[in-house]
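Comments concern the structure below.
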Protein chains: 2
Amino acid sequence: MDTKKPIEKCEFLCVHEDVVQEVLRKMPEEETLFQLADFFKVFGDSTRIRILYALRETELCVCDIASLLGLTQTAVSHQLRVLKTSKLVKARRNGKTVFYSLDDDHIHRILDMGICHLEE
Amino acid sequence: MDTKKPIEKCEFLCVHEDVVQEVLRKMPEEETLFQLADFFKVFGDSTRIRILYALRETELCVCDIASLLGLTQTAVSHQLRVLKTSKLVKARRNGKTVFYSLDDDHIHRILDMGICHLEE
DNA sequence: TGAATATATGAATAACTATTCATATGATAT
DNA sequence: ATATCATATGAATAGTTATTCATATATTCA
């Protein structure tokens, strides 16, 4: 079928089979790693990180966040939805205003560690 | 100039000015937060996370990683370059083979924390 | 030197995602 | 009820990025 194969592909000729098997055995589940990547992905956007670190200080309404960070209300709302879906923030309604805050202390600690990391 | 403005935009009428100022004062530098987002971004890709957790067990050559994770050699090489640029992995050449490993113990600890997080 | 092998890389493609625009919803006050 | 304000959301757009393809580089061995 495959009539033209100009260069013979290096199809893992060099694999250290025993090492590979050992690593496969010890590594976390595939599923776990995909979840972990998704978790980090949420932090991997400057808009969301800035929102999170603003909320680290105090709860804020959508307009406050937009003003604070120089963003449109719409952009902030969209990102807050992402953060809420990921259980990183929670919302509290007070009349027309919706106040957002970090979902729990666990998130606080993660953000504290983030700061810590950059200081190393 | 702006002849047609059907709906008057909500331009931060609700801002709690004092709170916003206080938060701005306390928050980390903009620059710092952008760096932090970039840092998380590297972890926020399943291919890279899987490579990192494979390397958490032992050093591996490019072919081993590709075989282990069911990826092409090219895809792995490209991502290893990203990880190397971000100082997360380092390379050691032995003949034709290049072995990659986590750059330092700090990265090890971060990966350990990742696992920890998912167990909560 | 030339063949073979392991890895790297530039360019093109494909997939994803953040932002914007227009508009809807939800709440208050008159 | 209606007008106004704060927020939410669907669709389109624009920007980004992971993967693939083709090929280059680096090293070893005959």
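Naming: A, B, ... by sequence-line order, numbering from 1 per chain.
Distance B:K41 NZ to D:dT17 C1': 10 Å, rounded to the nearest Å. Put simply, CD on B:Q73 is 12 Å from C1' on D:dT23, counting in whole angstrom units. In this structure, B:N94 atom CG and D:dT28 atom C1' are separated by 12 Å, rounded to whole Å. Here D:dT19 presents its P atom at 11 Å from CG of B:L69, a figure rounded to the nearest Å. Rounded to whole Å, the distance from CZ on A:R92 to P on D:dT7 is 12 Å. As rounded to whole Å, 9 Å separates atom P of C:dT17 from atom CG of A:D38. For B:I65 and D:dT19, the CD1 to P distance is 14 Å, given to the nearest whole Å. Distance A:R81 CZ to C:dA18 P: 11 Å, rounded to the nearest Å.
The base of D:dT7 has none of its N or O atoms less than 3.5 Å from a complementary donor or acceptor on the side chain of A:H78.
Mapping A:K96 and A:L80 onto DNA chain D via the closest heavy atom, the residue that lands nearer the 5' end is A:K96. The residue among A:T74 and A:R48 whose nearest nucleotide of DNA chain C is located toward the 5' end is A:R48. Toward the 5' end of DNA chain C, the nearer of the two residues B:Y100 and A:D45, judged by each one's closest nucleotide, is B:Y100.
Minimum interatomic distance between B:L111 and B:R56 (heavy atoms only, all atoms of both residues): CB-CD, 3.8 Å.
For the OP1/OP2 pair of C:dT19 and a distance below 4.0 Å, the side-chain nitrogens and oxygens of A:T72 include no atom meeting the criterion.
B:F40 has its ring centre no less than 6.0 Å from the ring centre of A:H117.
For B:V98, counting side-chain heavy atoms from C-beta on, the closest listed nucleotide (C:dA8, D:dA18, C:dT9) is C:dA8. Taking the side chain of B:S77 as heavy atoms from C-beta on, and the options C:dT7, D:dA18, C:dT19, the nearest nucleotide is C:dT7.
Remark: A:R109 does not engage A:D112 in a salt bridge, criterion side-chain N to carboxylate O under 4.0 Å.
Side-chain atoms of A:I65 and A:L80, non-hydrogen and from C-beta on, do get closer than 4.5 Å to each other.
Residue B:F99 is out of contact with every strand shown, counting any heavy-atom pair closer than 4.0 Å. Backbone-only contact: A:T97 has heavy atoms under 4.0 Å from sugar-phosphate atoms and none from a base.
With B:R50 contributing its side chain and B:L52 its backbone, the two residues share no donor-acceptor pair below 3.5 Å.
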